[in-house]
Amino acid sequence: MMASSYNAKEEDGHHSGSSSHGGPGAMKSKKPDNTAFKQQRLPAWQPILTAGTVLPAFFVIGLIFIPIGIGLFVTSNNIKEFEIDYTGVEVDTPCYNCAKNFSWNSTTPCVCAVNFTLDQPFESNVYMYYGLSNFYQNHRRYVKSRDDSQLNGVESNLRQPSKECEPYRTSEGLPIAPCGAIANSLFNDTLTLYYIPPNGTKLSVPLTKKGIAWWTDKHVKFRNPGGSANLSTAFQGTAKPVNWRKPVYELDEDSENNGFINEDFIVWMRTAALPTFRKLYRIIQKKPNSTPTLSSGKYVLEIAYNYPVLSFDGRKRMILSTISWMGGKNPFLGIAYITVGSICFFLGVVLLIIHHKYDTRSNSAEIPN
Amino acid sequence: MDFSRLRRTITRYCVGEEIWVGSRTVYIGHKEPPSCAEAYMPQHYPDNRIVSSKYTFWNFIPKNLFEQFRRIANFYFLVIFLVQLIIDTPTSPVTSGLPLFFVITVTAIKQGYEDWLRHKADCSINECPVDVVEQGKVVRTQSHKLRVGDIVVVREDETFPCDLILLSSSRYDGTCYVTTTSLDGESSHKTYYAVPDTMAFRTEQEVDSLHATIECEQPQPDLYKFVGRIDIYKDKQEPVVRTLGAENLLLRGATLKNTQHIYAVAIYTGMETKMALNYQSKSQKRSAVEKSMNAFLVVYLCILISKAVINTVLKYAWQWSPDRDEPWYNHRTEIERQRHVVIRAFTDFLAFMVLFNYIIPVSMYVTVEMQKFLGSYFIAWDEEMFDEELGQGAQVNTSDLNEELGQVEYVFTDKTGTLTENNMEFIECCVDGNVYIPHAICNGQILSAASSIDMIDSSPGGYRREYEDLFFRALCLCHTVQVKEEETVESIKRGIHQGKLGYTYLRLKDSYMEILNKDDEIERFELLHVLNFDSVRRRMSVIVRSSSGEYLLFCKGADSSIFPRVVSGKVEQVKARVEQNAVEGLRTLCVAYRRLSESEYLEASHRLTEAKLALQDREQRLAQAYDIIEREFVLLGATAVEDRLQEKAADTIESLHKAGMKVWVLTGDKMETAAATCYASKLFRRSTQILELTKKRTEEQSLHDVLFELNRTVLRQRSISGLSVDCLDFGLIIDGATLSGILKPSQESAGHGNYREIFLEICRNCSAVLCCRMAPLQKAQIVKLIKSSKEHPITLAIGDGANDVSMILEAHVGIGIMGKEGRQAARNSDYAIPKFKHLKKMLLIHGHYYYIRIAELVQYFFYKNVCFIFPQFLYQFFCGFSQQPLYDTAYLTLYNISFTSLPILLYSLVEQHVTMETLKREPSLYRDIAKNALLRWPAFLYWTCLGVFDAVIFFFGAYFLFDNTTFTSNGQLMTTNTQMMFGNWTFGTLVFTVLVFTVTLKLALDTHHWTWINHFVIWGSLLFYVIFSLLWGGIIWPFLNYQRMYYVFMQMLSSGPAWLSIILLITVSLLPDVIKKVLCRAVCPTASEHAQSTRPCLTVEPSTIFMLSQSSSRMSF
């Protein structure tokens, strides 16, 4: 093809040069606009990361992070925390029998009591948690096994729960309320705390069970079906979750804390991120006078042991903790801040040396051509 | 004949292949030939409907979807989507379906709209009116109703409705003028001829009385090739046979000019016209970036699969005990339990694939395409590449190769019209050894003084006079210029200097050429034959009969093609003069003639006619005939014209050299001329050591020896100068003959080794190479040779003429100059620029920027998706390998679509790591990015490792905060001051928040050019993320099954430790990159980094040492 389409350059090329000036074919000038954007000449800030510019930043980060880290670390260390494992794995532990003889069908709960001593008094509000280990609340099958619409009180979903709840969707032909694996495995140990003063009497520590869930969860996301009339009628025609001892409308006597808006239930329904987790159980309000909320001394934790964990090698704990402005006991954040701050400071020094060493060299260096 | 129709349809789909029937027979006016001796096979021709649209209303959806899913990326996402639909997967099908749907819909709408426009255009073309001669009357019909064999009337300024054979025109000589601007961009008028036997028809009736058939080849896409024959039947006589060639064929799309009307017969219609056949798209070029992108994709695909496999295996290992597989709180459904374990494992594998599929980002393809498309506008908008004279700026024909402009290692440039202006100036002529020089050299202007030709070395005499006369007659006659209203530059040139000596070419009239001689008399020569120019012979001839009845053959052409055929004349003097002119960079033409006796003429004429009438191998036969006829010349003389260098050509070449590119000049010119141009354009400097690989040398020694000797020279030099090869450069001159010797496959001669390799080795060490005496196809061969050498360098070809098209198509990047030789090169190129000097900006600035931009774009995309997906992978180890996604569906979907898409897109459009001025001043910066520097495996590995590091920081940072501590909100914003627990969604949201901020800030760190656009999109998209999250978690969305994100983001922000840890994790993630940047810059800065830091200082432009060029004083720049 090429040979024939080759136009003789030296001979008789068809010259269009002369006709392009004014001939009919001459196009309108398509001169591009001379705008800063089109010519890629927008005014711009042109920072470059050199040792010189980065140095101060490193020192500043170091100087800010280290105090923050120290502050966090100190705060975290001031938080008092007490943890006790009551699973009953060892033979000599109080709950061994309860754990061993656990049966889903027993009507009376097995009760065991664990004694412990607080060495230091706990000031301000004290938070009581239960902790589970090796419990995969974040398993995909588990996480999705719930029906948020049902929990929001939607009538149709109460009668016809979402398919995601399988195999905890129906029981003996009736829809389960609340359906799903999460609800079914609601933590149902009852923990009560007693203080044993030196005189030996057993004083019950008052535990608040309200205000442990997110406000929005309790008031917006979770709602009982059928208004606030009679819960048992509202839940008529539904079955209780298979592993529950009581139906959902008997979780609490307090109508504000019963049914789907039971706070223990709401807390449980927020699935944990990791297989070892703790969940807020109760709050021990601080006393109006200056006496510590939990003074040091002997305590008894009484457990109605309903929740089996040994089958999957799990552990149950009870935790008492105070909090600070930054939440619970959290040494990691403080240590991390101190470490990162120090590294930055150290790097700042290193860069200073490098900057000093190479900058003089590079200034004298030629631009390689 | 359904079968044949089917086959025709098939052949139409593979045009360019052998056509099943070698020729077609057309009955003009649908009249059967009188003698049906030959049984013509009836053939079906399509009607004249042009269909450029791809779809119809009915097949649009299936066909378009099919087209789109043929792209591998779309197909991959379709598969993921289907897997999500079929099996129970961790993420809803929406997450991949929505982006896919978006991409597919946008593309479909765009293509649909384009197709609708095509439909409309087709419709208006197909319905435009056409006049057809039917039974002696002109009937108006619609264009699409035209049939092969119809006789069509076309009037002035009308466009031909299909491919036609000219029968007669309103002009007495049966010619017509046509402009083919819309076909090949050439705006000059071309002349087409009618066959003498039909050109006399004046009226419709006469035309209708014509009884003839045309036999011609089946349609083929070459616009300039046509072979056919017309048989005219006259009253039971033997039919008159005439040959038809391209000069008889009027192409669809061309326009009739300066001719009142013509009659012509349709031979190719509809989709078989040459214009339609030329719609076939060129083969797609793929850039090096795209190739490395695909390689990276394969790596990521492997990572993806291995991740899924690892997780699946671990899952089943972990699930070995039934307490883990199905603890009492988390049972499977019955159906699931009954499933076979292999199926379950496979489903799990697929689910993991789906979970991690985002590691191959669908949005990358979209972003890359958008970047290329939008980015190419900057080239077209560039004011500096706008040429006032042409009224045009740079033109982008494909945006796929923007970044390739920054990767060029070899530049192949044409000489004439590319390096030079292709604007000929007459310098001198030498007639029979006497040199004539005009006093004043003015381009395109009439010389004032009558005595403007100064005779040097004049030896008057009758003998000399005769030669002089013949010389100028030859110049006047030997061309194919049609003098019309507009004169071409060439003819002006001739007119001027011939005019001074008294010869002016007037016109061609009834095949008589008229010349005004010095005595103002008109001499008439009958033009008998034209032996057209071609690039193989490199000469052209005419055979004329003078008024005295003498048969004369005038020939002019390149010296190399004339001298061997010369038998007498002052060969030595002319040769010397020609060589001297060539050294001065002038173009020379030799003129010779031959007297033919009556019998010689008849023989020649017979040969030519026979060859011209041949239907097969016409070209070859013509070449043979020419070869026999063009011999025994008497040398008359030579002319010399100068072709000036284009402005800044030398500067441009110098910059390209400094940028590390090797510049090759490929030209058809002779060595001396080309070498002079090369010196003038600073391709060769005085210091350049020239290696010659020419016919002259290979005649003395064998090619083998020459090659080995040169190779030794080069190698020795390199070993002396060590690594700094730059300081001494070699220039190589090679000519076409030697090149074909090198390229000749020599399989059997193992002892001679592979010449190609040695040649390439030599070339590798030469900074400049000049290839002269090249045929167009050889240009492409050279490009191909370099392209396929073992380093696979990126090549760029630049040229302006049709002879450069093959090389432009062959090279990685083809650049066309919108020159004087038509628009062929510009049309076939990837980019077209008005002048050679614009190449500098194109490569050094645009190419550099685009490469930097796209490299960052690609690396960043992979990086941000590693950051995105790797935490999910890590999370599987903590959730029992259950494919639990870490992030919410909305985040999974929108991460690539909206949270992190705009900053990188805008970055990849406006980033300028170094200012334009610096790039222009320091061409050597181009070396920084040579050989795909930013997309090589180490760089890729660095980005991936950085991604993995960041992902580990995100994940374990959040993990430690959640794990052994009570990571809680103190709920100050809420009514109670309780401590509330965070769940898995808060965990994911925390990781995601850190992720979005880190990834965006990482880009901010990489941005060197902060315009308001960058500020807007970077801070804007972070803000958008926050606002979106607040909104997404702020409402119970009625259409969602899950309300899992409800208030999660707000609760997280209400917690002090969350803020602190977000800040900490972002800082830690960005730290290594900052350190790496600072250290690299301090310890071993690249040239670009130097340029950045020395920006405020004024650098003194290095003065060019080699300002002197070897050109003569006459060469002007």
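So you know, we letter chains A, B, ... as the sequences are listed, proteins then strands, and number each from 1. The figures here come from the full heavy-atom set of this structure, side chains too, leaving out hydrogens, waters and symmetry mates.
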Keeping [X] on the side-chain end and [Y] on the backbone end, is there a donor-acceptor pair under 3.5 Å?
X	Y	value
A/Asn138	B/Phe878	yes
B/Glu383	A/Gln39	no
B/Ser882	A/His139	no
B/Tyr1047	A/Trp215	no
A/Tyr142	B/His331	no
A/Lys38	B/Asp382	no
B/Glu334	A/Pro167	no

For [X], is it the side chain, the backbone, both, or neither that has a heavy atom closer than 4.5 Å to a heavy atom of chain B?
X	result
A/Ile343	side chain
A/Leu351	side chain
A/Pro275	both
A/Ala51	both
A/Leu347	side chain
A/Asn34	both
A/Asp147	neither
A/Phe222	neither
A/Glu164	side chain

To the closest 0.5 Å, what do you measure between [atom1] ([X]) and [atom2] ([Y])?
X	Y	atom1	atom2	result
A/Phe332	B/Ser1061	CZ	OG	8.5 Å
A/Arg41	B/Thr915	CZ	OG1	9.0 Å
A/Gln137	B/Asn330	CD	CG	10.5 Å

Kindly state whether the ring of B/Trp1012 and the ring of A/Phe37 have centres lying under 6.0 angstrom apart.
no
Is the gap between the ring centers of A/Phe187 and B/Tyr329 under 6.0 Å?
no
Under a 4.5 Å cut-off applied to non-hydrogen side-chain atoms, are [X] and [Y] in contact?
X	Y	value
A/Trp45	B/Thr1011	no
A/Thr216	B/Gln1051	yes
A/Arg140	B/Pro885	yes
B/Pro327	A/Tyr136	no
A/Ser185	B/Trp328	yes
A/Tyr337	B/Leu1064	yes
A/Arg141	B/Glu336	yes
B/Phe960	A/Ile335	no

Among the listed options [options], the residue most often paired with chain A at heavy-atom distances under 4.5 Å:
options	answer
B/Tyr849, B/Tyr1046, B/Phe987	B/Tyr1046
B/Leu886, B/Ile1036, B/Leu1060	B/Leu1060
B/Glu384, B/His1009, B/Met385	B/His1009
B/Arg332, B/Lys1077, B/His1015, B/Arg324	B/Arg332
B/Ile335, B/Val910, B/Asn1014, B/Thr1067	B/Thr1067

Go through it in stages, so that I can follow the logic: the residues are B/Arg1081 and A/Ile48, the test is side-chain contact (heavy atoms from CB on, under 4.5 Å), and I'd like the CA-CA distance, side-chain angles, deciding distance and then a yes or no.
CA-CA 10 Å; B/Arg1081 179 181 289 276; A/Ile48 25 170; 3.6 Å; yes
So for B/Thr1007, is it side chain, backbone, both, or neither that comes closer than 4.5 Å to the heavy atoms of chain A?
backbone
So, the part of B/Tyr377 with a heavy atom under 4.5 Å from chain A: the answer is neither
Polar contact flag, side-chain donor to acceptor under 3.5 angstrom, B/Asn984-A/Thr271
yes
Distance alone, cut at 3.5 Å: any donor-acceptor contact between the side chains of A/Gln46 and B/His1008?
no
Let's go through A/Phe58 and B/Ile1075 carefully: what are the C-alpha distance in whole Å and the side-chain angles of both, what is the deciding distance for side-chain contact (heavy atoms from CB on, under 4.5 Å) to 0.1 Å, and is it a yes or a no?
CA-CA 10 Å; A/Phe58 273 22; B/Ile1075 293 166; 4.0 Å; yes
In sequence, state the C-alpha distance, the side-chain angles, and the governing distance for B/Asp323 and A/Asp313, and then conclude on side-chain contact (heavy atoms from CB on, under 4.5 Å).
CA-CA 8 Å; B/Asp323 285 335; A/Asp313 202 22; over 6 Å; no
Using a cut-off of under 4.5 Å on heavy-atom pairs, state which of [options] scores highest against chain B.
options	answer
A/Ile79, A/Asn152, A/Leu42, A/Thr35	A/Leu42
A/Gly341, A/Ser311, A/Ser149, A/Ala57	A/Ser311
A/Ala181, A/Pro308, A/Pro43, A/Ala336	A/Pro308
A/Asn184, A/Asn157, A/Val340, A/Val143	A/Val143

Closest approach of B/Ala1082 to A/Ile354 (non-hydrogen atoms, all atoms of both residues)
CB-CG2, 3.6 Å
